[in-house]
Protein chains: 2
Amino acid sequence: MPQPLENPETSRSTDGRLARGEATRDRVLDAAERCFAANGFAAVTIRQIAREAGVTLGVVGFHGGSKDELFGTVLARRTDTLNALRTEALAELKAGGAFTIRDLVDAYLAPYLQIASRGDPQWRAYAQLIARIVSDDQYYPQVRDLYDPVARTYIDEIRRLRPAASAEALATVLTLTVSSMLSIVASRVRIEGLSGKPAGDSPLDYRTILVDFCTGGIEKALPPNEAS
Amino acid sequence: MPQPLENPETSRSTDGRLARGEATRDRVLDAAERCFAANGFAAVTIRQIAREAGVTLGVVGFHGGSKDELFGTVLARRTDTLNALRTEALAELKAGGAFTIRDLVDAYLAPYLQIASRGDPQWRAYAQLIARIVSDDQYYPQVRDLYDPVARTYIDEIRRLRPAASAEALATVLTLTVSSMLSIVASRVRIEGLSGKPAGDSPLDYRTILVDFCTGGIEKALPPNEAS
DNA sequence: AAACTATCTGTACGTACGTATAAAAAGTCA
DNA sequence: TGACTTTTTATACGTACGTACAGATAGTTT
């Protein structure tokens, strides 16, 4: 793996090689993202990623390091953006005064649905990749570092609205909310198969029903007063 | 792959070799089930399954056929039992007179939670395996054949309780319900991580909150009268 | 122009994979 | 016992994998 841009001085340099190198690096990471999203870690080969990126085999190793490193890089690459969107959405909610559980759910889910529905197929691939790994124990250490901090801030807000809820119940409903969203992001084919009608291919089409479902679920599962 | 027991006559035979063969076959399928559940299809090797089953490499091929065939066999092996439990639960509900959405949700989810929580670790592994593949487009053809028929009978009952709901909405809430359940079955580590408290390791511990969540979600997402 | 650096190509190495199969072993039945 | 079937062993084949690296290429700096 090259040592890219550790120093801002370096990144601001006029060396065209670095710019070209980084463009190639992005091509590799994008290709890896698409491949991992479509097939999972083990089923993807470095050669497949190279072909998808339109580069030779060695270039993948040069820019991406080992297969494990490449996977980790892909996972972490977009979290800052996503976490910022969610944090910002929550801040706006709090700045606006009173808010409901539905507002919280929408603030948490909407950024993900939006990026997964954008024209940019890379964000969509990334969302599918996350959907694939979030239900796998072996990746939880990575998911925890990347997503749990922001998730905790949302849990804190739900707790404020439902003071009687236990920590386990709060964590459970957030986990179920995320699972619901990810299942929509990952695939709509079963909905299509079960309904018999062609389903919208954009996760954003499901925003209303998804937010309804999760809001209703949280409200029913968490007692407003001290009960259960 | 051998041609085992197509004829009941054969299975009732006294040939001890067939009995021993079938015992070995079960060991192989059980081992494969555990391996596939823990690591997914691509990451598992035949040699790994052989080691886990305590047999030699060739035996896996003899009893399981190709890797794809083995996977398909494992997937299909337990569906009859599961579908029967769900069908029976629904029949009892209908026999008992009036029932609610909550009753339907519980009837659909409880069998799965129960088998995933039973002492038998094989059922648990199977449940985890299903959780792993149900959100993957490429396995939907298999999932469709195995699970959609019974899912449709539940959808029909929900429709009776919510006549105004569209086919898409019905299919969506059932899919979300399944996703929620499977996320619990597959892993409780994130709940543990987010709550900071050790989580119950049995999916059945989450029956109440899960049924609450899904019931509340369905009720909120599906309008009782013509609206939305 | 020459020295230097970053990037890219082509190829090779050792390993592990899925699968096939010949021969051995174990069990059944006449 | 001896012919038979089923199951198990041991081994081999061809392929594809992740990784490493020497050398070529292209761009930068002095």
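All values below come from the heavy atoms of this structure, side chains included, with hydrogens, waters and symmetry mates left out. A, B, ... follow the sequence lines: proteins, then strands. Residue 1 opens every chain.
The CG-C1' distance, from D26(A) to dT7(C), rounds to 15 Å in whole Å. For the pair F71(B) CZ and dG18(C) C1', the interatomic distance rounds to 16 Å; values are reported in whole Å. We find that CZ of R51(B) is positioned 13 Å from C1' of dC17(C), with the value rounded to whole Å. When the C1' atom of dG18(C) is taken as reference, atom CG of L57(B) falls 8 Å away, rounded to whole Å. At whole-Å resolution of the value, CZ in R27(A) and P in dT7(C) are 14 Å apart. Counting to the nearest Å, the P atom of dA6(C) and the CD atom of E22(A) are 14 Å from each other. Atom CD in E69(B) sits roughly 8 Å away from atom P in dT19(C) (whole-Å rounding).
The aromatic rings of Y139(A) and F71(A) sit tilted relative to each other, their planes meeting at an angle between 30° and 60°. Note on ring orientation: taking the six-membered ring where Trp is involved, the planes of Y154(A) and Y108(A) are perpendicular (angle over 60°, cut-offs 30° and 60°).
Between H63(B) and dT6(D) there is no side-chain N or O to OP1 or OP2 distance below 4.0 Å. OP1 or OP2 of dT8(D) lies within a sub-4.0 Å distance of a side-chain N or O belonging to T24(B).
Looking at the side chain of T56(B), the nearest of the listed nucleotides dT19(D), dA10(D), dT19(C) is dA10(D). Among the nucleotides dT19(D), dC17(D), dT8(D), the one closest to any side-chain atom of F62(B) is dT8(D). Nearest to the side-chain atoms of I46(A) among the listed nucleotides dG18(D), dT9(D), dT7(D) stands dG18(D). Candidate nucleotides dT19(D), dG10(C), dT7(C) were compared by shortest atom distance to the side chain of R47(A), and dT19(D) ranks first.
Contact annotation: the side chain of E92(B) approaches that of E88(B) to within less than 4.5 Å [non-hydrogen atoms, C-beta and beyond].
Comparing V59(A) and D68(B) against DNA chain C, the residue whose closest nucleotide sits nearer the 5' end is V59(A).
Contacts of V44(A) with the nucleic acid, taken as non-hydrogen atoms under 4.0 Å apart, involve only primed sugar atoms and P, OP1 or OP2.
Checked options L109(B), V178(B), V173(B); the residue passing with C214(B) is L109(B) (criterion: side chain to side chain contact (heavy atoms under 4.5 Å, CB included)). Screening I133(A), T79(A), L75(A), D136(A) against V143(A) for a side chain to side chain contact (heavy atoms under 4.5 Å, CB included) leaves a single residue, I133(A).
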